[in-house]
Amino acid sequence: MKKMNSRIAASLLLLAAAVTSGCFGFGGFSLGIFSVPVPVSPYFQGAYEDMSFENDRYSQVPVLPPIVEGVPEGLDAPSDDEVIRLLERAKPDNGGVPFLETRYRNDVRIKKELVADYVDPPRFFPMVGAVQVHHVHYKCTVYYEQKVRVGWPIPYTIEKKDAQEIVYIDKDHLHAVAQEGEGVEM
């Protein structure tokens with residue numbers, strides 16, 4: 001009888017420990033089948049990270065202070081990263097199919113030229129106010145060595161030592177217009 005009581009007490013103690021440890025979901029809010037985590041492919045995760053990076057870095061239009069005198073210099077020239085990302089979007093060269101066709105860009109050089117730099121007259125944009133649009137256009141020539149390796153049905157390699165592509169980039173931005181009391185009239 002004494003052994004039976006100690007076994008019952010031990011089992012009740014284990015049951016109480018299991019119930020209060022959080023191992024069993026009694027009550028509370030639950031999402032049901034939607035509470036099960038779903039794995040995300042690294043491909044899609046990388047695509048979302050790239051999309052977010054490009055949106056934060058290159059898709060925003062800044063509003064700069066008013067133009068004081070003359071036509072100001074435009075923003076900085078496009079970065080090499082921006083040029084390569086736009087080139088990849090226009091002419092994808094990101095690998096190919098392994099063992100079937102693989103493409104490479106090697107020895108990349110980028111030449112950036114300012115094509116146009118001008119400012120429009122002041123106008124009103126909703127949610128921004130009175131601004132001037134400053135247009136800055138760049139011509140970026142990308143020189144590279146292209147290599148295409150084909151592995152099936154007959155393995156061969158195509159090399160083009162003097163490949164080039166031209167990417168045009170517009171870096172338009174806004175300049176706030178000074179109010180009439182600030183010395184610049186509209």
Can you tell me how far OH of Tyr144 sits from CD of Gln164, rounded to the nearest 0.5 angstrom?
9.0 Å

Joint hydrophobic cluster, Val150 plus Trp152, side-chain heavy atoms closer than 4.5 Å:
no

Quick one: sort the Tyr58 and Phe53 rings into parallel, tilted or perpendicular, breaks at 30° and 60°.
perpendicular

Restricting to side-chain hydrogen bond (donor to acceptor under 3.5 Å, both in side chains), what partner residues turn up for Asp50, sequence neighbours left out?
none

Name all pairs fulfilling the ring pair (Phe, Tyr, Trp, His ring centres under 6.0 Å) condition that reach into residues 156-179, sequence neighbours left out, sorted by first residue then second.
His134-His173, His134-His175, His173-His175

Is there side-chain contact between Asp170 and Val136, with heavy atoms separated by less than 4.5 Å?
no

For Asp107, does its backbone N or O pair with a side-chain atom of Arg109 as donor and acceptor, under 3.5 Å?
yes

Would you say Val167 ends up clustered with Val108 if hydrophobic residues are merged whenever their side chains have heavy atoms under 4.5 Å apart, either directly or through other cluster members?
yes

Exercise: identify the closest heavy-atom pair between Thr157 and Arg149
OG1-CG, 3.7 Å

Approximate separation, where rounding is to 0.5 Å, of Asp120 CG and Asp172 CG
8.5 Å

Please give me the minimum heavy-atom distance between Arg103 and Pro92, naming the atom from each residue.
NH2-O, 4.1 Å

So how far is it from Tyr118 OH to His135 NE2, rounded to the nearest 0.5 Å?
4.5 Å

Test item: Lys112 side-chain N/O and Pro78 main-chain N/O as donor-acceptor pair under 3.5 Å
yes

Cluster question for you: counting only ILVMFWY and a side-chain heavy-atom cut-off of under 4.5 Å, with indirect links fine, are Val177 and Phe125 together?
no

Who are the salt bridge (Lys or Arg N to Asp or Glu O under 4.0 Å) partners of Arg89, not counting sequence neighbours?
Glu54

CA sep, side-chain torsions, deciding dist, call: Lys91, Glu165, side-chain contact (heavy atoms from CB on, under 4.5 Å)
CA-CA 9 Å; Lys91 190 170 184 181; Glu165 294 291 333; 2.8 Å; yes

Is there a donor-acceptor pair under 3.5 Å between the side chain of Ser52 and the backbone N or O of Tyr48?
no

Pairwise distance SG(Cys140) to CD(Glu82) - rounded to 0.5 angstrom
8.0 Å

Check whether any side-chain heavy atom of Gln146 sits under 4.5 Å from a side-chain heavy atom of Tyr104, and report yes or no.
no

Answer yes or no: does atom CG of Asp76 have more than 12 heavy-atom neighbours from other residues, nucleotides or ligands under 6.0 Å?
no

Linked, directly or transitively: Ile169 and Val142 (ILVMFWY side chains, under 4.5 Å)
yes

Checking side chain to side chain contact (heavy atoms under 4.5 Å, CB included) against Gln132, which of Pro66, Pro121, Pro122 comes through?
Pro122

Side chain to side chain, Tyr138 and Leu114, heavy atoms closer than 4.5 Å:
yes

CD1 of Ile110 to OG of Ser79, rounded to nearest 0.5 Å, is 8.5 Å

My understanding is that only residues two or more places apart in sequence, or in another chain, count here; which of them pass side-chain hydrogen bond (donor to acceptor under 3.5 Å, both in side chains) with Arg57?
none

Give the cluster check for Val40 versus Tyr43: same hydrophobic cluster or not, with ILVMFWY residues linked at side-chain heavy-atom distances below 4.5 Å.
yes

Test side-chain contact (heavy atoms from CB on, under 4.5 Å) on Leu174 and Leu64 and set out the steps.
CA-CA 6 Å; Leu174 304 173; Leu64 300 178; over 6 Å; no

Going by salt bridge (Lys or Arg N to Asp or Glu O under 4.0 Å), name the residues that satisfy it together with Glu49, two or more places apart in sequence or in a different chain.
none

Can you name the residues that form a side-chain hydrogen bond (donor to acceptor under 3.5 Å, both in side chains) with Thr141, not counting sequence neighbours?
none

Gap separating the CZ atom of Arg105 from the CD atom of Glu145, nearest 0.5 angstrom
13.0 Å

Let's go through Gln60 and Asn55 carefully: what are the C-alpha distance in whole Å and the side-chain angles of both, what is the deciding distance for side-chain contact (heavy atoms from CB on, under 4.5 Å) to 0.1 Å, and is it a yes or a no?
CA-CA 7 Å; Gln60 306 290 327; Asn55 186 34; 3.8 Å; yes

